[in-house]
J.: 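This is the structure I want to talk about, given as structure tokens.
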Amino acid sequence: MTSNDQAAPAANNFLRTIIEEDLKSGKHSSIVTRFPPEPNGYLHIGHAKAICINFGLARDFGGRCHLRFDDTNPAREEQEYIDSIKESVRWLGFDWGEHLYYASDNFEQLYQWATFLIEGGKAYVEDLNADEIRAHRGTLTEPGTDSPYRSRSVGENLDLFSRMHAGEFPDGTRVLRAKIDMASPNISLRDPVLYRIIHAPHPHVGDAWKIYPMYDFAHGQSDAIERITHSICTLEFESHKPLYEWFLDNLPVPARPRQYEFARLNLTYTVMSKRKLQELVQLGIVSGWDDPRMPTLVGIKRRGYTAAAVRNFCEQIGVGRSDSWIDASILEDCVRTDLNESAPRAMAVLRPIKLVIDNYPADRTEELQAANHPQKPEMGNRTIFFSREIWIDADDFMETPSKGFHRLTVGGEVKLRFGYIIKCTGVFRDEDGTITELHGEYDPASREGIHTADGRKVKGVIHWVSAPHAVAAEVRLFDRLFSDPNPDRGGADYKQFLNPGSVETLIECKLEATLAGADVETRYQFERMGYFRQDPKDSLSDKLVFNRIVTLRDAWIKK
RNA sequence: UGGGGCGUCGCCAAGCGGUAAGGCACUGGAUUUUGAUUCCAGCAUUCCCAGGUUCGAUCCCUGGCGCCCCAGCCA
């Protein structure tokens, strides 16, 4: 792991309060939580919040957290997702130890419990099709009506259910329903479907089953089987809680877990819904699920965000029950905070323009010492080269400087970081008038500090790279995927808010020589430019590709 | 307009009847060979609104208003 794992001081929140009380009262001697993803896609930053909450609570209170795949719908699930989810949870720095579970491991028990409900007259086989069931369900303001099959005999229900199990009926022809209350004001209690017929191979249990339990019939019972004490989920499951409890009340479960809900994460300038992320991938708007601009954990990881930064972010945003929108800048700030501490500095010129120092001997090369971190001498120094021809960033030169600009101008002076003070004496142009080369002179006595020999202080310091020593590289500048804070808002198509400048690829960048042997995992701060790391997929030793993780704060650009 | 939930600074968020934590953002100023970092200072007489209970209410009660979730054989 890259960096400082200073476990952020855990802010108090309602879940911690509940747990503290449960522990204090002796209701539980230790807690067990779980992170229960359905393996039907890649995890995103919203899942990171759930992971940090569940694993974090277990860690802080000396309990344990299970990883459980809620794999009750084989039509949507794949082994690829199971593998990816495990990898992302591990990447975030959490460990489920021996406690890896699958809801599908409980299929036999759940089947028996379904039979138990039938025997008790609390479940029945429904012959109505999906449309008819919907019609009988009523509406938000009107009660539902009983299905004609609701009063089937226990014997007939048992027979039909076992034949569903045996695979006698095609998909969609029958379901098993709980017999609760078709007039309940809570729609999830209007005889919810427990089992449906799906003839499809399952990633974990193969083709052993022809019927699959619904989420509601699997989740609470799985929690009970695993002896989960605190089953923490997002707010949209709150209206399912009475049903969750109905199953625990009516089945001989071995334990009594409790469900608690928190508000899911909303992040500005991105979309989080699986459907939309999938569309971005399918339409080729991004290069894949791990495109560095994606809010997926694989994308964030490839971008270069550190797990510590993501964890810290989750800690900072807190846990509550009110709908909230977290500004993307908070996440970016967590990344900066982490990387500022850990990232060694280097110099890289992204938009190179050549500067020839006319009074510097053409055959001379100097070795200068550069600190790897301005506040951390223990990180050491490195040697960089200085010569007559150097690259500087085109953005650091203005022929007609705007007000407040204090970098290089014609006739002006600027400090080369770790090097000399130089003055620009003139520009060379091509026929079109575009500047092709800068010329200048250096002050031999100005190696240390920002003062000239006669005591004048220069106001600008710029980065640079010795031209003959430079290493070529491609650098990808990533920005937010969307230009609107809430592209997901109802009404308009979210794609109209795509940020056309979300990636800019610069192919002629010049890096300092030390970067030639850079480790893929090392995040660097390219001084004055931001934090960068090699793209783990595309960077090769003879063709370096760096991703910009995040920019530096810039008080100048804001003006 | 059925049921459930939420409403404290620009964005998050503590607070649980005793007189508004913290973070981010923002604004000043200091240090700085990164317009970075760091530092120091400022930043809600007020908690959606209106009544009520109380010596005292963001916290309790009543009534409004606003927003979110639920009518998949998805999770």
J.: Indicate yes or no: at least one non-hydrogen side-chain atom of A/Phe247 is less than 4.5 angstrom from one of A/Trp113.
T.: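 Of all side-chain heavy-atom pairs linking A/Trp113 with A/Phe247, none is under 4.5 Å.
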J.: In whole Å, what separates the C1' atom of B/rA21 from that of B/rC9?
T.: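 Roughly 13 Å separates the two C1' atoms.
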J.: Between B/rG29 and B/rC61, how many Å separate the two P atoms, rounded to a whole number?
T.: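 Looking at atom P only, B/rG29 and B/rC61 are 49 Å apart.
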J.: Could you go step by step and tell me if A/Glu261 and A/Arg321 meet the salt bridge (Lys or Arg N to Asp or Glu O under 4.0 Å) rule?
T.: CA-CA 7 Å; A/Glu261 312 83 17; A/Arg321 287 174 62 86; 3.1 Å; yes
J.: Quick one: look up who B/rG28 pairs with, Watson-Crick or G-U, both distances under 3.5 Å, and put none if it's unpaired.
T.: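 Looking at the geometry, B/rG28 pairs with B/rC40.
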J.: For salt bridge (Lys or Arg N to Asp or Glu O under 4.0 Å), just list the numbers for A/Lys24 and A/Glu20, CA-CA rounded to whole Å, side-chain angles, deciding distance to a tenth of an Å, and then say yes or no.
T.: CA-CA 6 Å; A/Lys24 191 176 165 191; A/Glu20 277 161 13; over 6 Å; no
J.: Can you tell me how far P in B/rC16 sits from the matching atom in B/rC26, rounded to whole Å?
T.: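 My reading of the P atoms in B/rC16 and B/rC26 gives 31 Å.
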J.: So, is B/rG51 syn or anti if syn means the angle is within 90° of 0?
T.: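 Anti, which is what one calls it when the glycosidic angle falls more than 90° from 0.
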J.: Going by centres under 5.5 angstrom and planes under 30 degrees, do the aromatic ring of A/Trp556 and the base ring of B/rG35 stack?
T.: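 Yes, A/Trp556 stacks on the base of B/rG35.
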J.: Mapping A/Phe14 and A/Arg407 onto RNA chain B by nearest heavy atom, which one lands closer to the 5' end?
T.: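 The answer here is A/Phe14.
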J.: Rounded to the nearest angstrom, tell me the gap between atom CH2 in A/Trp246 and atom P in B/rG4.
T.: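 Taking atom P of B/rG4 as the reference, CH2 of A/Trp246 is at 21 Å.
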J.: Using nucleotides 69-72 of chain B, report all nitrogen or oxygen pairs with the protein that are shorter than 3.5 Å.
T.:
from: B/rA71; atom 1: O2'; to: A/Arg137; atom 2: NE; distance (Å): 3.2
from: B/rG72; atom 1: OP2; to: A/Arg134; atom 2: NE; distance (Å): 3.1
from: B/rG72; atom 1: OP2; to: A/Arg137; atom 2: NH2; distance (Å): 3.0

J.: For B/rC11 versus B/rC43, give the span between their C1' atoms, rounded off to a whole number of Å.
T.: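 To the nearest whole Å, 15 Å.
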J.: Do A/Asp127 and A/Arg152 sit within salt-bridge range, that is, some charged N less than 4.0 Å from a carboxylate O?
T.: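 Yes, A/Asp127 and A/Arg152 are salt-bridged.
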J.: Need the pair for B/rC6. Rule: Watson-Crick or G-U wobble, both distances under 3.5 Å, any strand; none if unpaired.
T.: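 Pairing partner: B/rG66.
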J.: Between A/Tyr244 and A/Asp223, does any side-chain donor sit less than 3.5 Å from a side-chain acceptor?
T.: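 Present: a donor and an acceptor within the cut-off.
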J.: It should be established whether A/Arg528 places a side-chain nitrogen or oxygen under 4.0 Å from OP1 or OP2 of nucleotide B/rG35.
T.: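 For A/Arg528, the contact criterion (side-chain N or O under 4.0 Å from OP1 or OP2 of B/rG35) is met.
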J.: Can you run down the ring-ring contact (aromatic ring centres under 6.0 Å, His included) pairs that involve residues 314-351 of chain A, sequence neighbours left out, and say none if there aren't any?
T.: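 Sorted pair list comes back empty.
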J.: Is the shortest side-chain heavy-atom distance between A/Trp464 and A/Asp393 below 4.5 Å?
T.: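 A/Trp464 does not reach A/Asp393 side chain to side chain.
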J.: Whom does B/rA14 pair with, Watson-Crick or G-U wobble, provided both distances fall under 3.5 Å?
T.: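 Base partner found: none.
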J.: Counting heavy atoms from C-beta on, name the nucleotide in B/rA75, B/rC73, B/rG23 closest to the side chain of A/Tyr215.
T.: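 From the listed options, B/rA75 comes nearest.
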J.: So what's B/rU46 paired with, Watson-Crick or G-U wobble, going by both distances under 3.5 Å?
T.: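 Per the H-bond distance test, none.
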J.: Taking for each residue the nucleotide of RNA chain B bearing the nearest heavy atom, is the 5' side occupied by A/Asp171 or by A/Pro374?
T.: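 Nearest nucleotide further toward 5': that of A/Pro374.
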J.: In whole Å, measure the gap between the P atoms of B/rA13 and B/rU8 for me.
T.: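 Between the two P atoms, the distance is 8 Å.
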J.: When only distance counts, do a donor and an acceptor, one from the side chain of A/Gln375 and one from the base of B/rA36, lie under 3.5 Å apart?
T.: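 Answer yes: a donor N or O sits under 3.5 Å from an acceptor.
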